[in-house]
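I have placed the structure first, in the form of structure tokens, so that the comments after it can refer back to it.
Positions are given from 1, in the same order as the sequence printed here.
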Amino acid sequence: MEIKIKYFSERIERLRYIDGKSDWVDLRVAEEVSLKKGEFRLIPLGIAMQLPAGYEAHVVPRSSTFKNFGVLQVNSMGVIDESYGGDDDQWFFPALAVRDTEIHVNDRICQFRITEHQPRLVFREVEKLEGENRGGFGSTGIQ
Ligand SMILES: O=c1ccn([C@H]2C[C@H](O)[C@@H](COP(=O)(O)OP(=O)(O)OP(=O)(O)O)O2)c(=O)[nH]1
């Protein structure tokens, strides 16, 4: 499947699969970032894409992101809507620093994949649900 992509920087490598180990695609930081502990920044990822019709993209941290950079992705998972495909619709990584940190241009900070939209949902209010109760949050224990 082909996706139109625009790069906002010549300094970041073009998107590619890393070592063929996963079909998630890593995204790179498009500018030098210096954050103090507790600081928040929308970090530019240097790309915009016109997603295929019927698709959205999900952006999550890499497993090593916290260890390497000391930042948390504050929205836990970024949702890139199909409508976010204009010429200026650059993708961003919302980062909260838990320590002083330097993140460099081209560092791989997060990863994304595309996924089809869910079917259109219609909500019908009822008095009672017929399913068996599961016992509440966390009721199956830890082992
Ligand atoms: O981590 C993210 C999350 C979102 N976006 C972009 C793509 C998305 O389509 C747009 C809006 O995101 P969302 O709808 O989740 O945010 P909102 O707070 O509801 O803002 P809006 O009023 O723009 O919908 O921002 C990013 O670049 N990175």
Side-chain angles (χ1 to χ4, degrees), residues 1-126 129 131-143:
M1 187 178 281
E2 191 176 86
I3 298 186
K4 282 187 188 158
I5 182 165
K6 171 182 170 177
Y7 291 93
F8 291 83
S9 167
E10 287 303 321
R11 300 175 67 202
I12 53 170
E13 283 177 45
R14 279 27 196 162
L15 298 199
R16 62 183 170 88
Y17 291 106
I18 303 291
D19 299 335
K21 285 182 180 150
S22 166
D23 67 352
W24 286 76
V25 181
D26 288 343
L27 296 173
R28 296 170 186 273
V29 171
E31 68 182 32
E32 292 294 313
V33 175
S34 173
L35 293 171
K36 295 282 180 208
K37 181 179 176 178
E39 202 178 338
F40 169 78
R41 177 86 52 84
L42 283 173
I43 298 178
L45 297 171
I47 48 138
M49 281 187 241
Q50 208 171 317
L51 295 173
Y55 284 80
E56 64 197 53
H58 295 165
V59 179
V60 298
R62 297 176 64 206
S63 303
S64 53
T65 292
F66 185 76
K67 173 173 66 77
N68 290 338
F69 307 116
V71 294
L72 296 171
Q73 183 175 344
V74 293
N75 55 0
S76 301
M77 181 179 85
V79 176
I80 311 292
D81 303 297
E82 185 185 332
S83 57
Y84 195 78
D87 193 52
D88 291 329
D89 287 339
Q90 181 171 193
W91 296 19
F92 287 84
F93 179 92
L96 176 68
V98 301
R99 59 171 167 81
D100 292 1
T101 184
E102 306 278 337
I103 310 173
H104 301 295
V105 173
N106 212 38
D107 282 348
R108 286 185 281 130
I109 195 173
C110 58
Q111 55 190 334
F112 88 99
R113 71 183 313 162
I114 64 169
T115 184
E116 275 183 282
H117 297 319
Q118 65 178 340
R120 185 82 187 164
L121 303 177
V122 177
F123 298 98
R124 179 166 58 85
E125 186 172 342
V126 296
L129 298 174
E132 190 181 338
N133 286 327
R134 254 189 65 159
F137 189 87
S139 61
T140 64
I142 57 173
Q143 289 187 330

Can you give me every donor-acceptor pair (side chain of residues 134-143, partner residue at least two apart or in another chain, under 3.5 Å) with its distance?
| unit_1 | atom_1 | unit_2 | atom_2 | d |
| --- | --- | --- | --- | --- |
| Ser139 | OG | Arg134 | O | 3.2 |
| Ser139 | OG | Gly136 | O | 3.0 |

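- In this structure, Asn106 and Ile12 approach most closely via the heavy-atom pair OD1-CA, 3.2 Å.
- Side-chain atoms of Ile80 and Trp91, non-hydrogen and from C-beta on, do get closer than 4.5 Å to each other.
- You'll find the side chain of Met1 reaches within 4.5 Å of the side chain of Ile114, heavy atoms only.
- Side-chain contact check for Ile43 versus Phe92: every heavy-atom pair is 4.5 Å or farther apart.
- What you find for Ala97 and Val71 is that their closest heavy atoms are CA-CG1, 4.0 Å.
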Tabulate below the donor-acceptor pairs under 3.5 Å that side-chain atoms of residues 30-42 make, not counting sequence neighbours, or state none.
| unit_1 | atom_1 | unit_2 | atom_2 | d |
| --- | --- | --- | --- | --- |
| Glu32 | OE1 | His104 | ND1 | 2.8 |
| Glu32 | OE2 | Val105 | N | 2.9 |
| Ser34 | OG | Glu102 | OE2 | 3.4 |
| Glu39 | OE1 | Lys36 | N | 2.8 |
| Glu39 | OE2 | Arg41 | NH2 | 3.4 |
| Arg41 | NH2 | Ser34 | O | 3.4 |

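- In terms of heavy-atom proximity, Ala57 sits nearest to Phe112 at CB-CD1, 4.1 Å.
- Judged as a side-chain hydrogen bond (donor to acceptor under 3.5 Å, both in side chains), and not counting sequence neighbours, Asp100 has no contacts.
- A side chain to side chain donor-acceptor pair (under 3.5 Å) check over residues 42-62, counting only residues at least two apart or in different chains, returns the pairs Glu56-His58, Glu56-His117.
- Taken to the nearest 0.5 Å, the CZ atom of Phe93 stands 10.0 Å off from the CG atom of Leu27.
- The CG atom of Asp107 sits 8.5 Å away from the CZ atom of Arg28 when rounded to the nearest 0.5 Å.
- Arg16 is linked by a salt bridge (charged side-chain N to carboxylate O under 4.0 Å, His left out) to Glu13, counting only residues two or more places apart in sequence or in another chain.
- At least one side-chain heavy atom of Trp24 sits under 4.5 Å from a side-chain heavy atom of Val60.
- In this structure, Ile109 and Phe69 have side chains that are in contact, with non-hydrogen atoms separated by less than 4.5 Å.
- Dense packing is recorded around CG of Asp23, with more than 12 heavy atoms of other residues, nucleotides or ligands lying under 6.0 Å away.
- Looking at Gln73, its side chain never comes within 3.5 Å of a backbone N or O of Thr65 through a donor-acceptor pair.
- For the pairing with Arg108, the side chain to side chain contact (heavy atoms under 4.5 Å, CB included) check across Ile18, Val29, Asn68 returns one residue only, Ile18.
- In plain terms, the two heavy atoms of Pro61 and Ser76 that are nearest each other are CD-O, 3.8 Å.
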Quick one: side chains of residues 83-90, donor-acceptor pairs under 3.5 Å with protein atoms, not counting sequence neighbours, listed by atom name and distance.
| unit_1 | atom_1 | unit_2 | atom_2 | d |
| --- | --- | --- | --- | --- |
| Tyr84 | OH | Gln90 | O | 2.5 |
| Asp87 | OD1 | Lys6 | NZ | 3.1 |
| Asp87 | OD2 | Lys6 | NZ | 3.0 |
| Asp89 | OD2 | Gly85 | N | 3.2 |
| Asp89 | OD2 | Gly86 | N | 2.7 |
| Gln90 | OE1 | Gly46 | N | 2.8 |

